[in-house]
Amino acid sequence: MKDPERFIEEKVAEIEEADGKAVVGCSGGVDSTVSAVIASRALGEDLLAIYVDTGYMRKNETEDIKSLFRDMDINHRIIDASEEFYEAMEGIDDPEEKRKVIGNKFIEVFEREAEKFDADYLVQGTIAPDWIESGDENRDTIKSHHNVGGLPEEMGLGLIEPLYDLYKDEVREVAEELGLPTAEKQPFPGPGLAIRVMGEATPKRTEIVREACHIVETEIEEAASKGEMERPWQYFAVLLPVKTVGVQGDKRAYGHTIAIRAVHSTDAMTANFSKIPLEVLDRISTKITNQMRNEVNRVVYDVTNKPPGTIEWE
Ligand code: XMP
């Protein structure tokens, strides 16, 4: 991109033309964050960034978003909807059903907040590959009508898509110009940790996988930063539905099993399991079973490629 500063100025000027208030859903991804910052510069208090805590977020995710909103001076609302999500997920153990319940609940909560704010527009972080694939040729930043991709059309909101013509590397240049963190983040699925708890994703089981995911992430990132290994494309923990026998001190224990998953991939269509050094696996396993000694007494490593396995376990 020739001039990111000029791009930002132009988009801000375009969005200033919008007549009314706008909402944007932000979960920390670079596209939606950059869109939110640009829209916020144009609309000030007339923009509301909404973050929905589904209860299936990673450790510290909500806190990180909060400080990002504050640092960027974006008008925002953090909705702790975890109780509502947990309740909706009670008794549900089928992976596709989980996705459906979480997707619907998300729309319900988001819509409720957008209505409270009396929004006229929805800001979306759509980038060029998103619409090139779906064949859309409407190239304006502000549209009165739209396909909001998941959010129900009856919301009747106009669309603001400041990054419509950009590719990922250009978005990163703009992010840099805005002073946003641009480090490549690993992908995180929309349904969040719910699909990393095999079976019913109760609050308690989710808490276990949240802690285990945090340990896997921090240990792998530290090992990668020390040059012990390459940072995998995606890496996380899965809570299995099996308990196994172990020893705790001199007593018999019966605890949960955690699987570590780490893969290399370029497009998520195929993937190879990461050949993590055994010393790193050893540290992860020891940390999980020490820090979570009352819950987890066994850790295994997934050595399956995709295909035949998928990256996630559900
Ligand atoms: P699989 O498990 O199908 O995952 O090999 C491929 C990539 O997609 C992510 N993933 C999802 N992302 N909603 C999402 O937004 C989902 O329901 C979902 N399921 C899987 C997964 O993390 C991986 O990066």
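Counting convention: from 1, in listed order, for ligands and their atoms alike. If you read the sequence from its start, that first residue is 1, and numbering goes on from there.
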Side-chain ion pair, [X] and [Y], N-O less than 4.0 Å:
X: K21; Y: D120; value: no
X: R283; Y: E228; value: yes
X: R77; Y: E113; value: yes

Would you tabulate the polar-atom pairs, meaning N/O of ligand 1 against N/O of the protein, with distances under 3.5 Å, reported to 0.1 Å?
{"from": "ligand 1", "atom 1": "2 (O)", "to": "I311", "atom 2": "N", "distance (Å)": "3.3"}
{"from": "ligand 1", "atom 1": "2 (O)", "to": "E312", "atom 2": "N", "distance (Å)": "2.8"}
{"from": "ligand 1", "atom 1": "5 (O)", "to": "K306", "atom 2": "NZ", "distance (Å)": "2.6"}
{"from": "ligand 1", "atom 1": "5 (O)", "to": "I311", "atom 2": "N", "distance (Å)": "2.7"}
{"from": "ligand 1", "atom 1": "15 (O)", "to": "G190", "atom 2": "N", "distance (Å)": "2.9"}
{"from": "ligand 1", "atom 1": "17 (O)", "to": "R99", "atom 2": "NE", "distance (Å)": "2.6"}
{"from": "ligand 1", "atom 1": "19 (N)", "to": "R99", "atom 2": "NH2", "distance (Å)": "2.9"}
{"from": "ligand 1", "atom 1": "22 (O)", "to": "Q234", "atom 2": "NE2", "distance (Å)": "2.9"}
{"from": "ligand 1", "atom 1": "22 (O)", "to": "E312", "atom 2": "OE2", "distance (Å)": "2.6"}
{"from": "ligand 1", "atom 1": "24 (O)", "to": "Q234", "atom 2": "OE1", "distance (Å)": "2.8"}
{"from": "ligand 1", "atom 1": "24 (O)", "to": "Q234", "atom 2": "NE2", "distance (Å)": "3.4"}

Classify the ring geometry between H76 and F69 as parallel (under 30°), tilted (30 to 60°) or perpendicular (over 60°). parallel
Exercise: do Y51 and T62 side chains pair donor with acceptor under 3.5 Å: yes
Donor-acceptor under 3.5 Å (R298 side chain, V245 main chain): yes
